[in-house]
Amino acid sequence: MAGVVLRRCVSTLLSTSGAKSIRTRGASSFYRAAVRRTATALTTGRAAFLLGIPTLSCLGYEAYHRVQSSAVVHALEKEEVLEQADYLYSSAESEKLYQLLLQYKDSNDADFLWRLARASRDLSLLPNMEAGRKKQLVFEAFEYAKKALEKDDKNFSAHKWYAVCLSDIGDYEGVKVKIGNSYIIREHLERAIKLNPSDATSLHILGYWCFAFAELPWYQRKVAAVIFSSPPTSTYEEALEFFLKAEEVDPNFYSKNLVMLGKTYMAMNDKQKALLWLTKAKEYPPHTQEDKEVHKEAVDLLKKLG
């Protein structure tokens with residue numbers, strides 16, 4: 001049961017840590033990038049022939065600036081690819097996103113790798129995914145997340161997706177491994193939050209981690225204590241702190257956070273505040289299938305509260 005609970009902790013993530021900002025960036029960025037590439041070419045020896053400058057006279061200039069020029073072009077290419085990747089992610093184009101980022105699986109850049117880990121994981125969660133392929137993608141995602149962390153341990157997204165993917169592989173390695181990994185998962189979520197205190201999704205996931213262990217029945221705690229001398233523990237108060245902080249840094253960013261606030265207040269026997277947050281969850285505009293499921297859950301819980 002503990003393994004199932006923890007799986008729930010990470011299987012309800014937001015589509016992206018910056019979904020709203022991604023949508024505002026627009027397609028014009030590709031035009032701007034093309035203009036920048038042209039400007040770069042015109043300020044290096046590569047454009048000498050088009051400008052009518054004698055080729056021989058610019059060879060020294062070309063040699064001097066070749067490394068700098070290639071670095072600028074590489075930076076522009078990275079920016080374009082990441083923008084395209086984030087656009088595909090915000091559009092829920094999981095297969096296209098995966099194929100795009102798979103070209104960079106051997107990259108040493110954490111920004112490519114953690115996105116590839118996320119894309120692999122999202123692909124594994126698609127409906128009707130064949131079991132063998134799903135398992136392959138889950139472990140693949142973990143390897144990409146692990147590599148991202150190795151390349152840049154100051155990248156908050158690398159820590160966040162490493163935590164998520166580590167939990168996922170626990171589904172295939174048994175409850176004992178999953179509970180044991182729980183400590184590591186929390187450490188990386190806390191690290192992600194320390195690196196970026198404004199990332200609402202990291203706060204939400206850690207809140208869900210706390211809620212999962214706070215609601216663990218006593219007899220399951222006893223079973224966990226047989227396996228571990230001090231199994232993971234938490235409280236509803238701690239979970240509430242993270243859910244509220246997530247709302248503070250990004251209000252109404254996620255329907256699931258609203259319903260979890262309602263459920264946490266219910267567990268704490270605060271009916272008035274539970275009604276407030278469950279009503280917000282019920283009224284949240286449904287954009288995804290998960291939003292629709294949250295709406296139904298909120299309606300059902302409100303009926304229970306009377």
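Please read all numbers here as calculations on a predicted model, not as lab measurements.
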H159: what forms a ring pair (Phe, Tyr, Trp, His ring centres under 6.0 Å) with it, not counting sequence neighbours?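 Result, ring pair (Phe, Tyr, Trp, His ring centres under 6.0 Å) vs H159: H188.
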Using the test side chain to side chain donor-acceptor pair (under 3.5 Å), find all partners of S94 that sit at least two apart in sequence or belong to another chain. none
is_close_aromatic(Y162, F142), centroid dist under 6.0 Å: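 Y162 vs F142: aromatic centres under 6.0 Å.
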Taking the inter-plane angle between the rings of F139 and Y172 on a 0 to 90° scale, is it parallel (under 30°), tilted (30 to 60°) or perpendicular (over 60°)? tilted
Evaluate the ring planes of F211 and Y208, with Trp represented by its six-membered ring, and classify them as parallel (under 30°), tilted (30 to 60°) or perpendicular (over 60°).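 Because their plane-to-plane angle is over 60°, the rings of F211 and Y208 count as perpendicular.
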Donor-acceptor pair, D153 side chain versus L149 backbone, under 3.5 Å?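 Absent.
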With a 3.5 Å distance limit and no angle check, can you tell me whether S107 reaches the backbone of D109 through a side-chain donor-acceptor pair? yes
About how many Å separate [atom2] of [Y] and [atom1] of [X], when rounded to the nearest 0.5 Å?
{"X": "M129", "Y": "L123", "atom1": "CE", "atom2": "CG", "answer": "4.5 Å"}
{"X": "W209", "Y": "I205", "atom1": "CH2", "atom2": "CD1", "answer": "13.5 Å"}
{"X": "I179", "Y": "F213", "atom1": "CD1", "atom2": "CZ", "answer": "6.5 Å"}
{"X": "I193", "Y": "L203", "atom1": "CD1", "atom2": "CG", "answer": "4.5 Å"}
{"X": "E77", "Y": "L82", "atom1": "CD", "atom2": "CG", "answer": "11.5 Å"}

Under-4.0 Å salt bridge between [X] and [Y]:
{"X": "E297", "Y": "K263", "value": "yes"}
{"X": "K147", "Y": "E150", "value": "no"}
{"X": "D111", "Y": "K78", "value": "yes"}
{"X": "D300", "Y": "K304", "value": "no"}
{"X": "E290", "Y": "K296", "value": "no"}
{"X": "R191", "Y": "E187", "value": "no"}
{"X": "R115", "Y": "D86", "value": "yes"}

Quick check on [X]: does its [atom1] atom have over 12 non-hydrogen neighbours (other residues, nucleotides or ligands) under 6.0 Å away?
{"X": "K134", "atom1": "NZ", "result": "yes"}
{"X": "Q289", "atom1": "CD", "result": "yes"}
{"X": "K135", "atom1": "NZ", "result": "no"}

Could you tell me whether the side chains of T201 and D199 share a donor-acceptor contact shorter than 3.5 Å? yes
